[in-house]
Amino acid sequence: MSALIVTLLSLSGITTLLAVLLVLADRIINNYGEVEVNINEGKKKLKVKGGSPLLFILAENKIFVPSACGGRGSCGMCKVKVLSDVGPILPTEEPYLSPDEKKEGVRLSCQVKAKKDISIELPEWLFAVSKFKAVVERITELTYDIRELRLRLLDPLSIEFKAGQYVQLIIPPYDQVKESVMRAYSISSPPSQKDAIELIIRKVPGGIATTYIFEHMKEGEEIEFVGPFGEFYLRPTSARVIAIAGGSGMAPIKSIIMDMYEKGIEREIYFFFGARSKADLFYLDFYDELQKKYPYLHFIPALSDPKPEDEWEGEVGLVTDVAEKYLKSLPPSDQEGYLCGSPGMINACVKLLTRYGISEDRIYYDKFA
Amino acid sequence: MKQTPDYDRVQERMKPGVITHFGFLGSDDRKLIDIILDDEITVRKLGLTHKKIADRLQYFYDKAEHAPGSWVVVDDSFSVFVDDTRGYLPCPFEHPGLFPKVNVTVVNRKTDEKITYSVLSIHLIREHGFYQGKGSPFRLEPRDIKRILEL
């Protein structure tokens, strides 16, 4: 009996010893000490504790690389150019990197850990990205499933952005949602409004963020967002603007048009806005008024499935078909495309615009998540 | 069947509030592996494969993708409506890539029966044989798919 107890005690002792050794080994092997993150050839140098993913190191130092999945390696958005050797590309990165990106050293910052000194290159605009605290000043129902939020800034008190860019709203935990989540929404207000931003948000059935926004968010509550992000903004040319959007895709186009109007930009704009029936349309009065003040703007709403009670006298059909009708009859001119909507709509619009001579590199849209 | 720790982690990600508000499991309290195996048996009994089902779901999406927000008649027998919003969802199995937030509704014009599925659902069926848990708003019954989509 005593031999059995001794054996059991010995085994327990050995197990405990092994566990202690493993913990110690982990601390020694995985202790990378302080490492330096050198950004843009020394423009910024961060001294950080080594071992963490680059995405989180940068965020802790208020450099916010866009990420839709929060660092899970499933969105492929958090790309940065790594100039030093950080080991081979991981299988988790492989699907998101093109051959050119691999050659240039582009990596997913959520997958690359800073285990030793590391040099990276970031686009300059990323340094303008900040975290903002704001108060929900106003919630306006635009349609039965689209809301406009006006967020007045609390800290910092103002924001600089280009018309067309987006922010990532931080939705706090609620109900069964245990962790905060981030979702991207385009700013609909013009950049001249620096103390507040407006967002246009469509309810997504079962969506974590929009369920919060439509069922829990109240005027007066505080909320945080990170931004501005995005490469979707008006290019400084004299080309005619062909803008096509549907639903909440209205947001960045509205910001761009307001900005053009305020700056007195003399460029023709044809803005095709697609909706199903009149119940899905909004801002009609706003655009009626704006067209009177800004004759370069042509706002063309199109209903794909108007109801008899709509008594709709405007354009009927798919927004791409309506846009094509106009493109056929417009006098020849240099043109650029500005699109905002779902991937399906974007694909259909790109096909249309390229058929009418707009090359793909002059068709702009955001692929944000 | 015993579930691997990997599937335990996937099942955690399928709970409400992680990827979507309602999650992927509904009121189903079975292990993920059992949900998948039970559907696998049903699909085989129906003489189908996950690929055939996913291909059929994809077919209707491809036919109507160009006309979001409008009904599109497909092969005279079906009406298809694509409802899409901006944004993407990740696969709960952590498969690489993101899937657009697109819901597809197919109505069989002969029977007036309809089925609604997401683009993510097509991937979940094709790659993982996962039709979601009982009671999930996006649960797809293989028998319903076969009957309504005339497979």
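Proteins get letters first, then strands, A, B, ... in listed order; numbering begins at 1 in each.
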- prompt: Which residue out of A/Gln176, A/Lys351, A/Lys203, A/Glu94 racks up the most heavy-atom pairs below 4.5 Å with chain B?
  reply: A/Gln176
- prompt: Do the charged groups of A/Glu324 and A/Arg355 touch, with an N to O distance under 4.0 Å?
  reply: yes
- request: Measure B/Phe81 against the heavy atoms of chain A and call it side chain, backbone, both or neither at under 4.5 Å.
  value: side chain
query: Is it the backbone or the side chain of B/Pro16 that comes under 4.5 Å from a heavy atom of chain A, or both, or neither?
result: both
Is [X] in contact with chain B via its backbone, its side chain, both, or neither, using a 4.5 Å heavy-atom distance?
X        : result
A/Tyr212 : neither
A/Ser248 : both
A/Asp175 : side chain

- prompt: So which of B/Arg143, B/Arg139, B/Lys134, B/Arg44 actually passes salt bridge (Lys or Arg N to Asp or Glu O under 4.0 Å) with B/Asp39?
  reply: B/Arg139
query: ring pair (Phe, Tyr, Trp, His ring centres under 6.0 Å) between B/His21 and A/Tyr174: does it pass, once the steps are laid out?
result: CA-CA 10 Å; B/His21 188 247; A/Tyr174 70 100; 5.7 Å; yes
task: Quick one: sort the B/Tyr7 and B/Phe93 rings into parallel, tilted or perpendicular, breaks at 30° and 60°.
output: perpendicular
- prompt: Only one of A/Phe161, A/Phe229, A/Tyr185 clears ring-ring contact (aromatic ring centres under 6.0 Å, His included) with A/Tyr166; which?
  reply: A/Phe229
- prompt: When heavy-atom pairs shorter than 4.5 Å are enumerated against chain A, which of B/Leu89, B/Ile19, B/Val102 gives the highest number?
  reply: B/Ile19
task: Report the residue from B/Lys52, B/Gln58, B/Lys51 that forms a side chain to side chain donor-acceptor pair (under 3.5 Å) with B/Asp55.
output: B/Lys51
